[in-house]
Amino acid sequence: MQASDESMERMLVSVNEVVSYFDQLKARVNRIGQEFHATDDVTRSVLRNSQEVEKSTSELAAIIEEASAALEEMSATVETLTDDNVVIGNVMNHTAEEAKKLMESTK
């Protein structure tokens, strides 16, 4: 009977060890599950942020395109004004020469 009791004791110790290992395994699986949930949350956050960056980038590209078009218009306007100023300068020089001639002829 004593052998049977010792055998039962060993089996009980073995069962307790197995239960302990399964408890440890359960705890590890739970931690892994929590880490997967945290990773999922981070992934969703990164996805949201990347969508916001994509939207902002598209908006910035549109702004840059509009600014570029405005600068081209300004450049064309400056070029036209420069050409007009040259014409005005030539007309003023011609008018000054004519006025000088007129003044000399009236002397």
Side-chain angles (χ1 to χ4, degrees):
M1 179 99 162
Q2 188 176 8
S4 176
D5 286 343
E6 288 176 6
S7 176
M8 289 294 276
E9 283 287 326
R10 283 194 305 266
M11 285 177 52
L12 182 60
V13 169
S14 293
V15 167
N16 285 336
E17 286 177 355
V18 168
V19 168
S20 174
Y21 290 131
F22 274 110
D23 285 343
Q24 291 174 10
L25 181 61
K26 179 183 173 187
R28 288 183 182 156
V29 168
N30 285 337
R31 266 195 311 258
I32 290 171
Q34 290 170 349
E35 289 175 7
F36 276 128
H37 286 297
T39 301
D40 185 49
D41 291 343
V42 169
T43 301
R44 289 177 195 275
S45 176
V46 167
L47 179 60
R48 274 192 309 275
N49 290 339
S50 68
Q51 289 169 341
E52 289 176 16
V53 167
E54 182 180 354
K55 180 183 174 191
S56 296
T57 302
S58 295
E59 290 173 359
L60 180 60
I63 290 169
I64 290 171
E65 189 174 325
E66 289 174 9
S68 177
L71 287 173
E72 285 180 22
E73 287 180 28
M74 288 172 61
S75 176
T77 300
V78 168
E79 189 175 325
T80 300
L81 288 172
T82 301
D83 292 344
D84 290 347
N85 284 339
V86 168
V87 170
I88 290 169
N90 288 338
V91 168
M92 288 178 74
N93 285 338
H94 178 70
T95 302
E97 288 174 10
E98 291 298 318
K100 191 176 186 180
K101 286 180 189 175
L102 182 62
M103 298 249 320
E104 286 178 4
S105 68
T106 59
K107 284 187 181 181

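The figures that follow rest on heavy atoms only: side chains count, while hydrogens, waters and symmetry mates do not.
With rounding to the nearest 0.5 Å, the separation of CD1 in I64 from CG in L60 is 4.0 Å. Atom CZ of residue R10 and atom CD of residue E6 lie 6.5 Å apart, to the nearest 0.5 angstrom. Note: K55 NZ to S50 OG = 13.5 Å, rounded to the nearest 0.5 Å. To the nearest 0.5 Å, atoms CD1 (I88) and CG (D83) are separated by 11.0 Å. Remark: E54 CD to N49 CG distance equals 13.0 Å, nearest 0.5 Å. Rounding to the nearest 0.5 Å places OG1 of T39 at 11.5 Å from CD of Q34.
The side-chain contact (heavy atoms from CB on, under 4.5 Å) test with T82 singles out one residue from V78, D84, N85, and that residue is V78.
Connection of V18 to V29 is established within a shared hydrophobic cluster, with ILVMFWY side chains joined at heavy-atom distances below 4.5 Å, either directly or through further cluster members. Note on L81: it does not cluster hydrophobically with V86, by side-chain heavy-atom contacts below 4.5 Å among ILVMFWY residues.
Here the side chains of S20 and N16 are not in contact, with every heavy-atom distance at 4.5 Å or above.
In this structure, T77 contributes its side chain and E73 its backbone to a donor-acceptor pair below 3.5 Å. Of the possible polar contacts, one joining the T57 side chain to the V53 backbone as a donor-acceptor pair under 3.5 Å is found.
Sparse packing is recorded around CD of E65, with 12 or fewer heavy atoms of other residues, nucleotides or ligands lying under 6.0 Å away.
Within the structure, every pair that satisfies the salt bridge (charged side-chain N to carboxylate O under 4.0 Å, His left out) test and touches residues 21-40, not counting sequence neighbours, is listed here: D40-R44.
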